[in-house]
Asker: 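Take this structure, written in structure tokens, and hold onto it; I'll ask about it next.
Atoms considered below: every heavy atom in the structure, side chains included; atoms not considered: hydrogens, waters and symmetry mates. Lettering of chains follows the sequences in order, A, B, ..., and the numbering in each one begins at 1.
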2 protein chains.
Amino acid sequence: MLIKELSNRTGISIHTLRFYENYSLFRGVSDENIKTNNYKDYDESVVEKIKMIKGAKEVGFTLSEIKALLDSWYNEHFSIDKKVEVVNNKVSEIDSKILKLKQVKNLLLNAIKVIESEDC
Amino acid sequence: MLIKELSNRTGISIHTLRFYENYSLFRGVSDENIKTNNYKDYDESVVEKIKMIKGAKEVGFTLSEIKALLDSWYNEHFSIDKKVEVVNNKVSEIDSKILKLKQVKNLLLNAIKVIESEDC
DNA sequence: TGATAGTATAGACTATACTCTATACTTTAA
DNA sequence: TTAAAGTATAGAGTATAGTCTATACTATCA
């Protein structure tokens, strides 16, 4: 698919997608058979990647962290064990973020409880 | 406590604390009895507030979102019901962030599963 | 075949959240 | 009493992550 469709599929603006592509978070390929243009084609795997990037960003991961993860995942010089290790580390970070969210949530729920009990 | 201790207690740099105070996320009070300086004093409630801010930031909430929450919480013109509503909305946002984190986590765990099964 | 819409690249601009520097004043311990 | 450390304020500088503009080329449909 071309960039417009990629934008529609992911809900990310064309400008931002190009910014991400420049940042090397993913890349499209121009069809070598077509000499008249260098329009880039993006496949389903790019859509999946971007959905992951989107989710990771919304919960506070930076582009540089996301890039580091993707880079090691697709690094041919990394052993499977090494890749698994990198990903497992990221999973731990996610767990600690979930914990943090739960703490903030409890803090808010507790504040509600206190204010409602004072109401009596 | 003075700003240095506040910094030690929260793990946030003095510079950043001042930036937050300017942003009106909290405020210290200068002792009116002491005329020789205008050193600001911060109490335990400020420490708690900053810990909340820190946690909220780490999971992707912006300073402006955090400020909006604090502002309505301490807004004397808001009814208790209104405050509870605002906080409950934030709790929903937290729940959806937790969900997103779990999705990204499953995505990563699944990637590990796939790469390890290919290894055989 | 020409108007319209789409694509690529480069570079300027912006918002957010710090981070640092300069300056001036205050406190404290030697 | 003075040197060192701490505090306040203002403003400049930086990093991250977009967002927009200009320019040029390409595709498609009436």
Asker: Against B:Thr10, only a single residue in B:Thr16, B:Leu17, B:Val46 fulfils side chain to side chain contact (heavy atoms under 4.5 Å, CB included); can you say which?
Answerer: B:Leu17

Asker: Tell me which nucleotide among D:dA17, D:dG6, D:dA27 gets nearest to the side chain of A:Asn37.
Answerer: D:dA27

Asker: Would you indicate, yes or no, if D:dG18 has its OP1 or OP2 atom less than 4.0 angstrom from a side-chain nitrogen or oxygen of A:Tyr20?
Answerer: yes

Asker: Could you tell me how far apart A:Ile3 (CD1) and D:dT26 (P) are, to the nearest whole angstrom?
Answerer: 18 Å

Asker: Between B:Tyr39 and B:Ser64, which is nearer to the 5' end of DNA chain C once each is assigned its nearest nucleotide?
Answerer: B:Ser64

Asker: Between the side chains of B:Lys90 and B:Glu93, is the shortest nitrogen-to-carboxylate-oxygen separation below 4.0 Å, so that they form an ion pair?
Answerer: yes

Asker: Are A:Asp43 and A:Ser45 close enough that a side-chain donor and a side-chain acceptor fall under 3.5 Å?
Answerer: yes

Asker: Under a 4.0 Å N-O cut-off, is there an ion pair linking A:Glu116 with B:Lys83?
Answerer: no

Asker: How many Å lie between CG on B:Leu17 and P on D:dG6, as a whole number?
Answerer: 15 Å

Asker: Earliest and latest nucleotide of DNA chain C, 5' to 3', sitting under 4.0 Å from a non-hydrogen atom of chain B?
Answerer: C:dA17 to C:dT27

Asker: Would you confirm whether A:Asp41, through its side chain, and A:Met1, through its main-chain N or O, come within 3.5 Å as a donor-acceptor pair?
Answerer: yes

Asker: Could you state the atom-to-atom distance from CG of A:Leu25 to C1' of D:dT16 in whole Å?
Answerer: 13 Å

Asker: Can you check the B:His15 NE2 to D:dA12 P distance for me, whole Å?
Answerer: 16 Å

Asker: Got a sec, which pairs hit side-chain hydrogen bond (donor to acceptor under 3.5 Å, both in side chains) with one end in residues 94-105 of chain A, sequence neighbours left out?
Answerer: A:Asp95-B:Lys105, A:Lys100-B:Glu58, A:Lys105-B:Asp95

Asker: Starting from the 5' end of DNA chain D, give me the residue, A:Tyr23 or A:Thr36, whose nearest nucleotide shows up first.
Answerer: A:Tyr23

Asker: If I take atom CD1 from residue A:Ile53 and atom CG from residue A:Leu69, how far apart are they, to the nearest 0.5 angstrom?
Answerer: 10.0 Å

Asker: What's the CD1-P distance between A:Ile14 and D:dT21, to the nearest Å?
Answerer: 15 Å

Asker: Rounded to the Å, how far apart are A:Ile34 CD1 and D:dT28 C1'?
Answerer: 14 Å

Asker: With a non-hydrogen cut-off below 4.0 angstrom, is A:Ser13 in contact with a base, only sugar-phosphate, or nothing?
Answerer: nothing

Asker: Nearest heavy atom decides the nucleotide; on that basis, is B:Leu63 or B:Asn38 closer to the 5' end of DNA chain C?
Answerer: B:Leu63

Asker: To the nearest Å, give me how far apart CZ (A:Phe61) and C1' (D:dT16) are.
Answerer: 17 Å

Asker: May I have the distance from A:Lys4 (atom NZ) to D:dT28 (atom P), rounded to whole angstrom?
Answerer: 14 Å

